[in-house]
Amino acid sequence: MKRLLSIELQKIWMNKASKILTLTYFILLSFIALIAVIKFDIGPFKFHLAEMGIFNFPFIWHFNTYVAAWMKFFLAIVIVSMMANEYSYGTLKQNLIDGLSKKEFILSKFLTVVLFAFVSTVFVFVMSLILGFCFSSYTEFGIVFSDLDYLLAFFVKLIGFFSFCLFLGILVKRSAFALGFLLVWNILEGIIKGILAFKVFPDSNTNQKIMQFFPLEAMSNLIVNPGPRLSVVKNIGTQMGIETDADFSVDYFAVLIVLIWTFLFIYFSYKLLKNRDL
């Protein structure tokens, strides 16, 4: 497996665009730390994000993984381009001629996906620890390392999303069309969600029970918006008479759904490649 992974990393590093996008992704992840310096003092109005508790343990695990998940589109381009380049440059056919099986080829791509997700998760973990110990009001061991399941959800979310991108790259063969398909699928899920919510099941949560099985929706459900958890948001809601009992914990049923989709994406990627005349 080390040999397969080495081959893929070498391909990515030799491609200038992929190298720049990968570096940009990790640079942008580190920019989460800049949120701490956002501060506005306009007369009596004072706004300092770091003092609002966003970097308090254990809330920081939820907040940082939610924000970092939005950066995944940079690596999505790398994953899709990685597959498209195999067709454009003929490296796929050359790898097969050199003795690499189609199963090993797909495995090498999946290992790259897992490595990207793992490195991203470790990066967010370390950055969150540093920010937390700098700004958190709570540094007790039990509090610091509670809610770490958000990191697991983040890891699974990236693997699922990147596997989807890999599948689209194999299905469509062209990076622009694959990314376009991803956008169309996202819009399609939104349309279906709207129809179910406002037309088919307007007075129940049946639409949510159905939508949770769609791939992008399932990935979205892994880490929900942490904003309403902030005390300042809760206080505003209370003053406006809005109470919420929303559950912000990681939904392990959603984790299972995403893992099943990941398996399906990789399985059908292999089936497509196996049955395709190269």
Q. Quick one: does Phe248's side chain get under 4.5 Å of Tyr150's, heavy atoms only?
A. yes

**Q.** Main-chain N/O of Phe213 paired with Trp261 side-chain donor or acceptor, under 3.5 Å
**A.** yes

Q. With a 4.5 Å heavy-atom cut-off, do Phe116 and Ile79 have their side chains touching?
A. yes

Q: For residues Ile210 and Phe201, determine if any side-chain heavy atom of one lies less than 4.5 Å from a side-chain heavy atom of the other.
A: yes

Q | Distance in Å, Ile106 CD1 paired with Phe268 CZ, rounded so as to fall on 0.5 Å steps | A | 13.0 Å

Q: Indicate if Phe123 and Leu23 have the same hydrophobic cluster label, given that clusters are the connected sets of ILVMFWY residues with side-chain heavy-atom separations under 4.5 angstrom.
A: no

Q) Backbone N or O of Leu5 within a donor-acceptor pair of the Glu8 side chain at under 3.5 Å? A) no

(Q) When you group the ILVMFWY residues by side-chain heavy-atom contacts below 4.5 Å and let the links chain together, are Leu168 and Leu183 in the same group? (A) yes

Q) Counting distance only, does the side-chain N/O of Asn221 pair as donor-acceptor with the main-chain N or O of Glu217 below 3.5 Å? A) yes

Q: Name all pairs fulfilling the salt bridge (Lys or Arg N to Asp or Glu O under 4.0 Å) condition that reach into residues 139-165, sequence neighbours left out, sorted by first residue then second.
A: Asp147-Arg229

Q: Take the angle between the ring planes of Phe125 and Phe145 and call it parallel below 30°, perpendicular above 60°, tilted in between.
A: tilted

(Q) I need the Leu222 CG to Thr65 OG1 distance, nearest 0.5 Å. (A) 10.0 Å

Q: Indicate the atoms forming the closest heavy-atom contact of Ala218 with Gln212, along with that distance.
A: CB-O, 3.4 Å

(Q) Is there a path of hydrophobic side-chain contacts, each under 4.5 Å between heavy atoms, that joins Val114 and Trp13? (A) no

**Q.** Spacing of CG belonging to Leu273 relative to CG belonging to Leu92, to within rounding of 0.5 Å
**A.** 5.5 Å

**Q.** Min side-chain heavy-atom separation Leu158-Met219 under 4.5 Å
**A.** no

**Q.** Ring centers of Phe177, Phe181 separated by less than 6.0 Å
**A.** no

Q) Should Leu4 and Leu100 be marked as a side-chain contact (heavy atoms from CB on, under 4.5 Å) after you check the CA-CA gap, both sets of side-chain angles, and the distance that decides it? A) CA-CA 9 Å; Leu4 298 176; Leu100 195 69; 3.4 Å; yes

(Q) Starting from Phe198, can I reach Ile195 by hopping between I/L/V/M/F/W/Y residues whose side chains sit under 4.5 Å apart? (A) no

Q. Can Asn56 and Ile60 be said to form a side-chain contact (heavy atoms from CB on, under 4.5 Å), step by step?
A. CA-CA 6 Å; Asn56 276 342; Ile60 190 172; over 6 Å; no

Q: Using modelled atom types only, decide if a donor and an acceptor are shared between the side chain of Lys72 and the backbone of Ala69 within a distance under 3.5 Å.
A: yes

Q) What orientation do Trp70 and Phe73 show, parallel under 30°, tilted 30 to 60°, or perpendicular over 60°? A) tilted

Q. With distance as the sole test, does Glu189 use its side chain to make a donor-acceptor pair with the main-chain N or O of Leu216 at under 3.5 Å?
A. yes

Q | Closest approach of Ser163 to Ile159 (non-hydrogen atoms, all atoms of both residues) | A | OG-O, 2.7 Å

Q: Compare every heavy atom of Phe162 with every heavy atom of Ala117, then report the nearest pair and how far apart it is.
A: N-CE1, 4.5 Å

Q | Shortest non-hydrogen contact from Met211 toward Leu196 | A | SD-CD1, 3.9 Å

Q) Under the 3.5 angstrom rule, does the side chain of Gln10 hit a backbone N or O of Ile7 as a donor-acceptor pair? A) no

Q. Which pair of non-hydrogen atoms, one from Ser269 and one from Ile170, has the smallest distance, and what is that distance?
A. CB-CD1, 3.5 Å

(Q) Are Val124 and Leu151 packed together at the side-chain level, in the sense that at least one heavy-atom pair is separated by less than 4.5 angstrom? (A) yes

Q. Yes or no on side-chain contact (heavy atoms from CB on, under 4.5 Å) for Asn64 and Ile54, after CA distance, side-chain angles and deciding distance?
A. CA-CA 9 Å; Asn64 280 4; Ile54 63 172; over 6 Å; no

Q. Can you name the nearest heavy-atom pair linking Asn85 to Thr91, along with the distance?
A. O-OG1, 3.9 Å

Q. About how many Å separate OG of Ser120 and CG of Leu115, when rounded to the nearest 0.5 Å?
A. 9.0 Å

(Q) Please evaluate residues Val78 and Cys165 with respect to the criterion side-chain contact (heavy atoms from CB on, under 4.5 Å), reporting the C-alpha separation (whole Å), side-chain torsions for both, the decisive distance (0.1 Å), and the verdict. (A) CA-CA 9 Å; Val78 175; Cys165 293; over 6 Å; no

Q | In one Ile/Leu/Val/Met/Phe/Trp/Tyr side-chain cluster, 4.5 Å: Leu259, Phe161 | A | yes

(Q) Can you classify the ring geometry of Phe118 versus Phe155 as parallel (below 30°), tilted (30 to 60°) or perpendicular (above 60°)? (A) perpendicular

(Q) For the backbone of Asn15 and the side chain of Ser18, can you confirm whether one donor and one acceptor N or O come within less than 3.5 Å of each other? (A) no

Q | Enclosure of Lys193 NZ (heavy-atom neighbours >12, cutoff 6.0 Å) | A | no

Q: Name the orientation class of the two ring planes belonging to Phe57 and Trp61 (parallel below 30°, tilted from 30 to 60°, perpendicular beyond 60°).
A: tilted

Q.
For Phe135 and Phe55, take the angle between the two ring planes, folded into 0 to 90°, and tell me which bin it lands in: parallel under 30, tilted 30 to 60, perpendicular over 60.
A. tilted

Q) Say you draw a straight line from OG1 of Thr24 to CG of Leu29; how long is it, rounded to the nearest 0.5 Å? A) 11.0 Å

Q. Above 12 or not: heavy atoms from other molecules or residues under 6.0 Å from NZ of Lys103?
A. no

Q | More than 12 heavy atoms of other groups within 6.0 Å of Tyr138 OH | A | no

Q: State, yes or no, whether a side-chain contact exists between Thr262 and Phe110 at a heavy-atom distance under 4.5 Å.
A: yes

Q: Give me the one residue out of Lys109, Gln94, Lys173 that meets side-chain hydrogen bond (donor to acceptor under 3.5 Å, both in side chains) with Glu86.
A: Lys109

Q | Sub-4.5 Å side-chain heavy-atom contact between Val80 and Leu166 | A | no

**Q.** Check: Ser136 side chain, Thr139 main-chain N or O, donor-acceptor pair, under 3.5 Å
**A.** no

Q: For the pair Thr112 (side chain) and Ser108 (backbone), establish whether a donor and an acceptor sit closer than 3.5 Å, ignoring hydrogens and angles.
A: yes

Q.
Tell me if the CZ atom of Phe74 is crowded by more than 12 foreign heavy atoms within 6.0 Å.
A. no

Q.
With a 4.5 Å cut-off on side-chain heavy atoms, are Ile260 and Phe263 touching?
A. no

(Q) For the CZ atom of Phe141 and the OG atom of Ser146, what is their distance to the nearest 0.5 Å? (A) 10.5 Å

Q: Mind checking side chain to side chain contact (heavy atoms under 4.5 Å, CB included) for Val126 and listing every partner two or more places apart, or none if nothing turns up?
A: Val122, Ile130

